[in-house]
Amino acid sequence: MGSVLHFRRNKGHLNDEEQKLFAALEAVRNDVDPIERVRRDPVQFAHRFRDPHDQELVGLLAASLAFGNVTTILAKVESILAILGPSPTTACDNRGPIQKALAHIRHRVFRGDDMARLLFGARSLQRSSGTLGRAFVKHLDEGGTLREGLARWASDIRARGGLPSIETRSAVGDLRGGKHILPNVQAGGASKRLLLYLRWMIRPADGIDLGLWAVSPSRLVLPLDTHLHKIARNLGLTDRADASWRTAEKITERLLRFDPDDPIKYDFALCHLGMLQRCPSRRDPKRCEGCPLMPYCKHWRPSRKRSLAPGKVGVPL
Ligand code: SF4
């Protein structure tokens, strides 16, 4: 066992290209100032509370609204927390008052009523299981896979909160926000917001993620969005053209080669690099200037034909 760990820590199983990509990912990760970047990330709201019940409930709200312009998201979550007060869990114990208090709120397709149902449903599950994390572990054990466990856990919250079920036709007017506030992980989309929430709750506490839930980070799947998908393609982590659940799984499989215990530890840094760099996904000297991934990016390499298939030795960078 010791020699396996030694082997993995020394990355002796990586080919030359993977070794260089590993160095690039580490450099990007080490370059991020977590304190500074957390201030620009919705995970900050979970850190604001001491009680883990508040942290997981507020985290779910923030992750569920993490859709669109980050400044707008931060302002919206801030305004909802001002309504919920110092103890969001207590505020969400009763459906009526929370529905009334949030009735005037809107964020993209989500109405205050959708948010109230989400919070009430999650709080109900939290109360009956002790924590949302314990409920997740139970559903994960029953479901077997992360995807199935997550689908069951989300359905439980939907049912308790009175949100429309995933079978509801999405085009039905006011039901649209209620249906999408918790993505349907079985539908094929990347379900980025739910996977982001899992990252916050499950990855070890490192100033960014909180490490609240007793689930191995090795089971996590990358929360993939269009920015991260572009960067992953540029790095040769995937050739797939769709930002789907399957693509997220495939990229995660590649990342497992760099750290089998914590494959998505690069997510925060890469995501913020995507936000800062506004990756054009083409050879653009002005916009690419200063991007730490430039030596590894397919748009700046001598040959643009390869992806980094595990175990294959690539053309030197
Ligand atoms: S070098 Fe340019 S195209 Fe490549 S990842 Fe960086 S910003 Fe994107």
Side-chain angles (χ1 to χ4, degrees), residues 11 14-34 36-43 66-71 73 189-190 192-193 195-196 199 208 220-259 262-310 312-317:
K11 307 298 171 204
L14 302 180
N15 66 36
D16 287 352
E17 287 223 20
E18 287 174 324
Q19 290 273 6
K20 287 171 184 168
L21 180 54
F22 170 69
L25 292 171
E26 285 289 307
V28 170
R29 186 159 174 254
N30 292 333
D31 207 36
V32 166
D33 176 349
E36 168 58 25
R37 294 312 301 170
V38 163
R39 284 199 202 108
R40 298 286 303 151
D41 193 285
V43 72
F67 176 46
N69 175 281
V70 71
T71 306
I73 295 165
K192 182 236 169 179
R193 290 172 291 132
L195 290 175
L196 181 65
R199 196 202 85 203
I208 300 166
L220 290 169
V221 173
L222 189 73
L224 190 67
D225 62 11
T226 51
H227 300 298
L228 197 51
H229 182 222
K230 271 194 219 174
I231 288 177
R233 278 172 62 92
N234 292 343
L235 292 178
L237 285 167
T238 183
D239 286 334
R240 292 174 62 93
D242 58 328
S244 62
W245 181 282
R246 189 71 192 123
T247 301
E249 277 184 332
K250 286 287 186 188
I251 297 171
T252 306
E253 280 170 23
R254 304 296 306 280
L255 294 174
L256 278 163
R257 297 211 11 112
F258 301 124
D259 191 334
D262 190 9
I264 69 166
K265 67 183 182 187
Y266 302 109
D267 176 58
F268 181 82
L270 288 173
C271 187
H272 278 260
L273 177 71
M275 284 158 63
L276 287 172
Q277 199 70 36
R278 297 186 184 284
C279 170
S281 234
R282 61 186 151 78
R283 198 179 175 107
D284 181 330
K286 203 168 170 189
R287 289 172 66 187
C288 294
E289 188 183 352
C291 175
L293 296 175
M294 196 187 272
Y296 315 94
C297 173
K298 70 178 182 181
H299 299 293
W300 290 91
R301 293 171 59 179
S303 168
R304 301 180 180 186
K305 290 181 183 166
R306 302 161 312 280
S307 70
L308 301 177
K312 287 188 183 168
V313 177
V315 176
L317 298 174

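Bear in mind that the values here come from a model prediction, so they are computed numbers and not experimental data. Both counts, for ligands and for their atoms, begin at 1 and track the order of listing.
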Can you sort out which atoms of ligand 1 are near C288, meaning under 4.0 Å from one of its heavy atoms? 1 (S), 2 (Fe), 3 (S), 7 (S)

Of all the atoms in C291, is at least one N, O or S atom closer to atom 6 (Fe) of ligand 1 than 2.8 Å? yes

May I ask whether I231 places a heavy atom under 4.0 Å from ligand 1? no

I want to check something: taking the side chain as every heavy atom from C-beta on, are C297 and C291 in contact at a cut-off of under 4.5 Å? no

Ring-face cation contact, F268 with R37, 6.0 Å cut, 45° max: no

Less than 4.5 Å apart, any side-chain heavy atom of C279 and any of N234? yes

Distance under 4.0 Å to a non-hydrogen atom of C297: what atoms of ligand 1 satisfy this? 1 (S), 3 (S), 4 (Fe), 5 (S)

Report, as yes or no, whether the 6.0 Å neighbourhood of atom NZ on K250 holds more than 12 heavy atoms from other residues, nucleotides or ligands. no

Could you check whether any side-chain heavy atom of L21 comes within less than 4.5 Å of a side-chain heavy atom of L235, counting everything from C-beta outward? yes

Is R282 near ligand 1, meaning one of its heavy atoms is under 4.0 Å from it? yes

